[in-house]
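Scroll down for the structure; my scribbles are underneath it.
Protein chains get the first letters and strands the later ones, always in sequence-line order, with residue 1 at the start of each. When reading the values below, keep in mind they use all heavy atoms of this one structure, side chains included, and skip hydrogens, waters and symmetry mates.
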Amino acid sequence: MSALSARVGRLPLIRQVRQSVGLQRGMLVTGLVLVGVVVLAAVFAPLLAPYGYAQLGDASGNFGAQQSPSPAHWFGTTVGGYDVLSRLIWGARTAVLVIVVGVVLSIVVGVLLGLLSGYLGGWLDRVLVVVADAVYAFPSLLLAIVAAIVISGGQSGLWSGILAAGISITVIFIPQYFRVVRAEVVRVKSEAYVESAQVVGASSARIMFVHALRNSTRTLPLIFTLNAAEAVLTLAALGFLGFGIEPTAAAEWGYDLNRARSDVTSGIWWTSVFPGIAIVLTVLGLTLVGESLNDLADPRLRARRKAKQR
Amino acid sequence: MSAERAPRQPGPVVDIRELRVAFATDGGDVVAVDGVSLQVQPGEILAIVGESGSGKTVTARSILGLLPETAALSGQVIVAGDDVASAPPRELRAIRGVHAAMVFQEPSSVLNPVYTVGWQIAEGLRAHGKVSRRAARAQAIEMLRRVGIPEPEARIDYFPHQFSGGQKQRIVIAMALILGPAVIVADEPTTALDVTVQAQILRLLLRRCRDEFGATVVLITHNMGVVADLADRVIVMNGGRIVEEAPVERLFAQPADAYTQQLLAAVPRLSAGPSWSPARAERVEGRERAQAQAPVVRAEHLRIEYPGRLGRKPFVAVPDASFEIAPGEVLGLVGESGSGKTTIGRAMARLAPVSGGSLEVLGVDLAEAGERRFRPQRRRLGFVFQDPGTSFNPLMTIGHAIAEPIQVHGTAEERAGARQRVEELLEAVRLPRAYADRFPHELSGGQRQRASLARGLILGPDLLIADEPTSALDVSVQAAVLELFGELRERFGFASLFITHDLAVVDQVADRVIVLYKGEIVEEGPTSAVLHAPTEPYTQRLLASLPVPDPVAQRARRAARSA
């Protein structure tokens with residue numbers, strides 16, 4: 001039993017929850033619950049949502065536009081005549097897909113470039129660092145818009161829309177992973193175990209992938225969660241500005257917010273508040289997880305129980 | 001000295017009663033100090049010695065209430081009448097500096113790089129009293145003069161990086177002395193310093209702090225030579241408890257406790273005279289025979305420089321060095337920090353560039369040949385790094401790390417037998433075979449250094465470069481590793497470059513010694529000749545600075561030196 005619990009305790013996240021105390025544990029658990037809800041909604045959207053994301057009516061006719069919350073439509077309907085709750089749940093799926101595509105792409109590319117740049121150094125390093133800095137200099141949203149236009153011509157369906165949003169996010173995030181991994185690799189490069197491998201005569205590829213890579217990725221989960229939060233915001237902003245995904249292709253919170261703009265002044269609150277809350281809670285959840293992982297990973301920031309007095 | 005002296009009460013300055021300190025860690029509570037009681041009398045120098053993890057630093061830090069938040073403390077720590085253990089932060093602040101002050105181990109990290117040293121010395125004065133800026137400055141200048149900084153009026157406005165390591169430690173001592181504290185806690189004050197500087201700092205601590213300022217000194221150290229040099233009374237700690245407490249002469253002459261005896265026996269010392277043990281004589285004969293063969297390493301007018309930044313001259317670490325290492329010979333390379341000894345070792349493994357002359361290692365001239373030509377020879381080369389903490393990839397098991405040379409150079413057949421070979425080597429370095437499956441953090445420093453030796457020797461190299469392999473280890477562990485080194489060398493017959501700053505260590509392992517000073521070879525010869533009949537003044541000075549773990553002899557030496 002204790003062996004089992006010891007093994008469970010070594011799993012990521014569960015280990016961190018066990019390690020944490022007090023406020024840090026509260027933050028981590030809150031974040032995990034929020035993220036869990038979003039992921040569950042995304043996975044089980046077809047089962048949870050009462051209607052489809054592009055459904056305008058059912059057997060009893062059209063839903064009608066801007067209907068206030070009722071037993072049939074818990075969160076009301078939008079100006080386009082869609083069910084708000086359904087679009088909220090399906091929207092989680094879009095958000096999660098964009099996060100996965102965007103962050104996975106940027107991690108793979110950013111980590112590889114960072115590894116090469118940090119370990120090999122020289123002109124390659126200098127060029128890549130300059131390019132990464134140049135990308136930093138652009139406002140990220142502008143860059144995302146340009147990327148979205150280049151990829152999909154502005155408007156698009158589900159997958160091309162998700163890819164457009166994902167790749168435009170990738171462009172912004174690659175420099176972040178690149179810089180972090182590069183800095184870590186530069187640090188690891190001067191460690192005695194890398195020198196030891198050099199003395200032994202190991203090839204650069206072996207040193208990079210066996211020694212440097214695995215010792216440079218500690219901080220990635222933290223950036224990953226924080227970037228995921230930013231990815232949600234970028235996606236929402238793209239949708240809000242009209243560079244997102246067509247309502248008939250997928251549900252998207254930013255797009256719904258955009259459409260709800262005119263409703264606010266006429267006292268129709270349900271079309272804007274719910275997508276807004278969804279964005280806020282998703283970002284909050286991801287940020288809480290990221291920040292508390294960050295604190296827990298650093299022994300100096302980690303709170304501990306006081307040692308027991310005898 | 002105008003700072004007011006803290007009122008002296010009769011009786012002990014520091015009185016620790018039944019101190020127990022536990023730390024909360026990820027692995028559960030760890031008891032660092034377990035029921036320690038000790039007293040420090042006014043004007044005495046009390047040394048607390050012990051190996052790492054013995055609780056000596058924690059005990060000493062509790063005198064200033066300098067324990068981290070995760071520590072739980074019980075018992076009493078009475079400093080000049082106040083109980084530090086239960087004092088609230090406000091009272092603690094009033095006690096620190098006035099009643100007790102601290103000299104830390106690493107002077108470079110104690111001084112704040114963005115303030116002048118004068119500002120930092122005066123900080124204590126400003127924190128504790130209403131002293132005018134001018135008075136504080138005058139006091140700081142006076143204090144700098146008294147700790148032996150030349151031209152204190154000018155140098156008070158210097159920043160820490162403009163001082164050498166020894167001077168920085170003097171400044172740290174000045175910071176501790178400025179408020180005239182009753183007790184000064186010195187935590188390994190000379191560990192980060194070279195021996196010649198160490199001797200000066202110790203003299204300063206002794207003469208100034210006690211004889212002039214009347215301060216009581218609590219000295220924490222693992223160096224028995226320092227203890228013999230300085231202490232009046234010694235407390236030996238082990239595993240959070242006091243195992244022995246005795247006046248210094250008695251402790252060295254008749255250690256009562258078994259642990260103390262073991263500790264004293266492990267201290268490396270220079271042999272009394274030229275030692276011609278049969279084994280060494282045999283080795284010398286062997287060397288003479290070997291000299292007929294081609295040397296493993298031959299350096300001629302070797303020059304090593306590190307390229308400077310744009311517009312700056314390159315830094316010359318080694319201007320011109322010529323030496324040879326014969327097959328099977330152990331060459332000791334001795335020098336202080338910055339002498340270029342590590343650079344020479346690193347150049348032999350192509351970790352540092354050769355910029356002039358020639359350096360022929362295992363038949364390849366590194367000044368000319370590229371990595372491609374040298375790589376096949378790397379299987380004949382082993383390297384043991386200084387810091388056992390970082391020389392293993394933390395994510396690899398010890399077994400995989402030791403087998404790395406086989407993975408890189410071995411034939412398919414050798415790779416298949418790698419595991420068996422690893423276990424053989426583990427046994428040779430006296431580690432259990434099962435350690436192959438452990439991770440580096442699960443081994444102690446000494447065990448890791450043994451594993452490091454195993455990695456260096458797995459392909460049966462002709463040359464082993466050992467860069468300060470024992471300087472990060474406790475004395476008893478160091479003794480065991482050095483003994484092991486001797487044994488392995490008998491068994492495998494490799495030639496070795498043994499880099500160290502410790503003359504006593506060289507005496508134990510090396511056949512021949514090279515003394516380096518600022519990149520230049522100042523003396524070279526058979527070990528016993530160099531260490532017992534040095535001809536160069538620098539070598540003589542180095543030997544004279546080495547504290548001898550014998551209080552009587554040390555006192556005589558000190559008297560001779562100051563005469």
Side-chain angles (χ1 to χ4, degrees), chain A residues 2 6 9-10 15-22 24-25 119-122 126 184-185 187-218 220 295-310, chain B residues 20-26 28-32 34-35 68-75 345-346 348-351 371 374-396 400-401 403-409 440 452 455-456 458-459 461 465 467:
Chain A
S2 67
R10 227 170 288 149
R15 196 191 71 207
Q16 268 93 350
V17 173
R18 286 199 177 175
Q19 217 174 35
S20 58
V21 287
Q24 275 177 358
R25 175 174 258 179
Y119 187 74
L120 298 180
R126 253 169 273 161
E184 283 281 299
V185 170
R187 178 185 67 81
V188 166
K189 199 167 92 171
S190 61
E191 295 271 338
Y193 56 84
V194 170
E195 290 191 332
S196 163
Q198 285 168 346
V199 170
V200 162
S203 63
S204 294
R206 182 185 162 89
I207 295 176
M208 270 194 279
F209 289 98
V210 175
H211 295 289
L213 178 61
R214 286 179 61 205
N215 284 297
S216 321
T217 48
R218 297 178 300 174
L220 287 190
D295 288 357
L296 288 175
D298 190 334
R300 287 165 303 177
L301 295 176
R302 183 162 66 226
R304 293 193 182 88
R305 272 182 211 93
K306 273 225 141 196
K308 282 181 205 78
Q309 278 286 3
R310 189 165 55 182
Chain B
R20 184 177 177 279
V21 182
F23 288 98
T25 68
D26 294 339
D29 292 0
V30 174
V31 179
D34 196 5
E69 270 178 33
T70 50
L73 196 137
S74 67
R346 290 171 64 85
M348 283 189 200
R350 266 188 85 96
L351 288 173
E371 176 62 28
F374 187 54
R375 186 166 283 173
Q377 300 302 325
R378 283 191 183 276
R379 64 172 298 158
R380 296 168 60 200
L381 178 77
F383 204 113
V384 179
F385 288 87
Q386 173 172 11
D387 184 359
T390 60
S391 58
F392 283 97
N393 184 338
L395 301 172
M396 257 188 182
H400 279 127
E404 184 155 33
I406 297 187
Q407 297 301 333
V408 171
H409 292 289
S452 194
R455 173 171 62 186
I458 190 151
L459 285 170
I465 300 166
D467 183 4

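Of the two parts of B/Phe392, only the backbone, made up of N, CA, C and O, holds a non-hydrogen atom closer than 4.5 Å to a non-hydrogen atom of chain A. In this structure, chain B has no heavy atom under 4.5 Å from any part of A/Val188. The part of B/Leu351 that comes within reach of chain A is its side chain, from C-beta onward, which places non-hydrogen atoms under 4.5 angstrom from that chain. For A/Arg206, the part sitting under 4.5 Å from any heavy atom of chain B is the side chain, from C-beta outward, and nothing else. Proximity to chain A (any heavy atom under 4.5 Å) is shown, for B/Arg350, by neither the backbone nor the side chain. For B/Gln377, no part sits under 4.5 Å from any heavy atom of chain A, backbone or side chain.
Distance check: A/Gln198 CD to B/Arg378 CZ gives 8.0 Å after rounding to the nearest 0.5 Å. Rounded to the nearest 0.5 Å, atoms CG (B/Asn393) and CZ (A/Arg214) are 7.0 Å apart. The distance from atom CG of B/Leu395 to atom OH of A/Tyr193, rounded to the nearest 0.5 Å, is 7.0 Å. Rounding to the nearest 0.5 Å gives a distance of 9.5 Å between CE of B/Met396 and CG of A/Asn215. Between B/Phe383 atom CZ and A/Ser196 atom OG the span is 9.0 Å, to the nearest 0.5 Å.
Remark: A/Arg187 CZ is packed, more than 12 non-hydrogen atoms of other residues, nucleotides or ligands lying under 6.0 Å away.
Of the residues considered (B/Pro405, B/Ala349, B/Ala401, B/Pro68), B/Pro405 shows the highest number of contacts with chain A, using heavy-atom pairs under 4.5 Å.
Heavy atoms only, all atoms of each residue included: A/Ala192 and B/Ser391 are closest at CB-CA, 3.6 Å.
No donor-acceptor pair closer than 3.5 Å links the side chain of B/His409 to the backbone N or O of A/Ala202.
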